[in-house]
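Before any comments, here is the structure.
Residue indices begin at 1 and follow the sequence shown.
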Amino acid sequence: MIESRSDSKRLAKNTLLLYARTLIMMFIGFFTSRVVLNTLGVENYGINNVVGGFIAMFSIVSGTLTSTTQRYLTCEIGKENGNPKKLFGIAMNIHILLAILLLLLFETIGVYFLNHGLNIPNDRMFAANWVFQFAILSTLIGIVNSPYIGTIIAHEKMGTFAYFSLYDCIAKLLIVYLLYVTPYDRLITYSFFYFFVGLLSTIMYNYYCRRTFTEARFSIVKDKRLYKEMFSFAGMNFIGAFASLLSMQGTGILLNVFYGVTLNAAQGIATQVQGLSTKFVGDFATALKPQITKEYACGNHIKSKKLAFKGSKFSFFLTLILACPILVRTPYILDFWLKIYPPEAIQFTRLMVVYTMIVLLSDSLVTIILATGNLTSTTWWIGGTRLMILPVSYIVLKISNQPYLVIVVQIFFELLSLYIRLKILNIITNLNFVSSFIKEVFSPLLLVSAICLSFTYVIHLIVSNNFLGLLILFVTSVSITSIVIYFLGLSKLEREFVNGIVVKKINKFRYVRGN
């Protein structure tokens, strides 16, 4: 019982640290997105999204590799006679090898496709090639940095993780200023500084981990069994991630081929909204992942399952709080935020918010699958499902000529992937994940979403369509949504968990004021 309270306290502390970081990151992100779009212009912004999209695309690979390192290190740290140093050395060697393989792929097939397959104006091809090269370097740096990030998460040093992320945001603010004063091509300059920020970030992660964790040292490890196990794990993880990123980037390429860089700009704006909303709730999942892994590794499969369901539900609800006003007032929000944007961005943004909420339902479930180490069936089923997104999107665009439908296709396949993950967990764990998830997670989500969206839409019809009206809508919607979530969306135990966090913070505040 004491250990459970300690875990909950640590989870709450880590989550609050990460949320403090996220609120600052969201503010900076909204500001920089507007300035970058207005400074680069719609055409350059679209080029950066379709070409430099490899940065965002392969961040999925980096995240997947981070999960691999975090999973193995978390299990090894929990062992009495564990050897995390050996595991870190193997992880680093594997990531370096994958980075070399990707470099060869990018500099051959990638460069050819950039110059002969994409729909980019001829006078901007030179800049596009520079953007692509800096994107390659950023991607490789991110992959090599993955073991260090995984080590920090495995040790649950979320405060440090938050500080490094804040550096990233502040550095991007500096990039915005430099865009204004640079005498050179702004698209190339933006790509270079983006790469340079990533390079400095990697150096800082390296320095911190080497000073803090004894295992964070590069070493040549000779252990064929562990190499085979971790390489197989990372490889399977990589295949699944590659299928996901291929479908996502492939969608951007299809939009480019059918409609040009303007639609890529619209997609880029929607992706910015998705990224900011994902950061808002992703921190809760980041703080929860080590506990899910540790409980499963210790044989507490039922508790691991409950933690995963809590992660899915809380992630969805936290997004819903912001999603309701965003969905009903998207045009005004984009007008206020960006001023200049393609009209297609409105539909793209709304659908991308819905897509993000569905993706977050799977995040904690993926952590359990990673904890089991049984990735073969998951990789092939989910990978195969995601590979269908591209051909189906192509057919839909050919038949309908409605660009927003590519995100509808992604939403459908994400729901299908969620069901497949639940079925696979049924088999792996011998626990009933499907019916439990529908009863404990999915049904409350549907009920709460319907009520909150209805209330928010009624308020939207009543208040004026200006900044004051937006503030009233946000405050009212967030208040109503929070109340509905608390009473209808959470179980009794989940309400007690939330109450405990609130009471502790109030008592701490009173103590500080009293002294």
Taking the side chain as everything from C-beta on, heavy atoms only, tell me whether F195 gets closer than 4.5 Å to I141. yes
Looking at CD1 of I485 and CD1 of I321, how far apart are the two atoms once the value is rounded to the nearest 0.5 Å? 4.5 Å
Interatomic spacing from CD1 in I420 to OG1 in T385 - rounded to 0.5 Å: 3.5 Å
Say whether, by atom type as modelled, one donor and one acceptor occur between the side chain of T108 and the main chain of L105 under 3.5 angstrom. yes
Is the F437 to F309 ring centre distance short of 6.0 Å? yes
Taking all atoms of both residues into account, what is the closest heavy-atom pair of V144 and A99, and its distance? CG2-CB, 4.3 Å
So with a 6.0 Å cut-off around CZ of F442, is the heavy-atom count from everything else above 12? no
Evaluate the side-chain proximity of L490 to F317: yes if any heavy-atom separation is below 4.5 Å, no if none is. yes
Looking at V111, is its backbone amide N or carbonyl O close enough to the side chain of N115 to form a donor-acceptor pair, meaning the two atoms are under 3.5 Å apart? yes
Would you say Y486 has more than 12 foreign heavy atoms packed within less than 6.0 Å of its OH? yes
Please check: side-chain N/O of K313 versus main-chain N/O of G489, any donor-acceptor pairing under 3.5 Å? yes
Between F474 and P325, which heavy-atom pair has the shortest distance, and what is it? CE2-CG, 3.5 Å
Over 60° means perpendicular and under 30° means parallel, so tell me whether Y457 and H460 are parallel, tilted or perpendicular. tilted
Keeping the roles fixed (side chain from S443, backbone from I438), state whether a donor-acceptor pair exists under 3.5 Å. yes
CG-OG distance between L320 and S315, expressed to the nearest 0.5 angstrom: 12.5 Å
So, do T456 and I480 sit near enough that their side-chain heavy atoms are less than 4.5 Å apart? no
State the CG-CD1 distance between L114 and I109, to the nearest 0.5 angstrom. 13.5 Å
With side chain to side chain contact (heavy atoms under 4.5 Å, CB included) as the criterion, how do F134 and Y194 come out once you've worked through the C-alpha distance, each side chain's angles and the decisive distance to 0.1 Å? CA-CA 8 Å; F134 287 129; Y194 212 94; over 6 Å; no
When every non-hydrogen atom of F487 is compared with those of R495, the smallest separation belongs to O-NH1, 3.7 Å
Please report the closest heavy-atom contact between S436 and N432, naming both atoms and the distance. OG-O, 2.7 Å
pair V441-F316: side-chain heavy atoms closer than 4.5 Å: no
Would K423 and F433 count as a cation-pi pair here, with the cationic atom under 6.0 angstrom from the ring centre and within 45° of the axis? no
Are V409 and F413 packed together at the side-chain level, in the sense that at least one heavy-atom pair is separated by less than 4.5 angstrom? yes
Polar side-chain atom of T330 near backbone of I326 as donor-acceptor pair, under 3.5 Å: yes
Under the side chain to side chain contact (heavy atoms under 4.5 Å, CB included) rule, what do L361 and L445 come out as? Steps first, then yes or no, please. CA-CA 10 Å; L361 289 176; L445 299 187; 3.3 Å; yes
Contact check, side chains of L418 and E414, non-hydrogen atoms, under 4.5 Å: no
Give a yes or no on whether a salt bridge exists between E344 and R350, defined as a side-chain N under 4.0 angstrom from a carboxylate O. no
Stepwise side chain to side chain contact (heavy atoms under 4.5 Å, CB included) check, L405 with Q402: CA-CA 6 Å; L405 289 178; Q402 296 294 328; 3.7 Å; yes
Compare every heavy atom of A308 with every heavy atom of S364, then report the nearest pair and how far apart it is. CB-O, 3.2 Å
Does the side chain of S312 come within less than 4.5 Å of L360's, by heavy atoms? no
Would you say the side chain of I368 lies within less than 4.5 Å of the side chain of I292, judging by non-hydrogen atoms? yes
For a quick test of reading the model, state the closest non-hydrogen atom pair linking S454 to A450 and the distance between them. OG-O, 2.7 Å
From NE2 (H301) to CG (L431), nearest 0.5 Å: 8.0 Å
More than 12 heavy atoms of other groups within 6.0 Å of L446 CG: yes
Pair L97, N93 - check side chain to side chain contact (heavy atoms under 4.5 Å, CB included), show working. CA-CA 6 Å; L97 178 60; N93 292 332; over 6 Å; no
Drop me the distance from N300's CG to S304's OG, to the nearest 0.5 angstrom. 8.5 Å
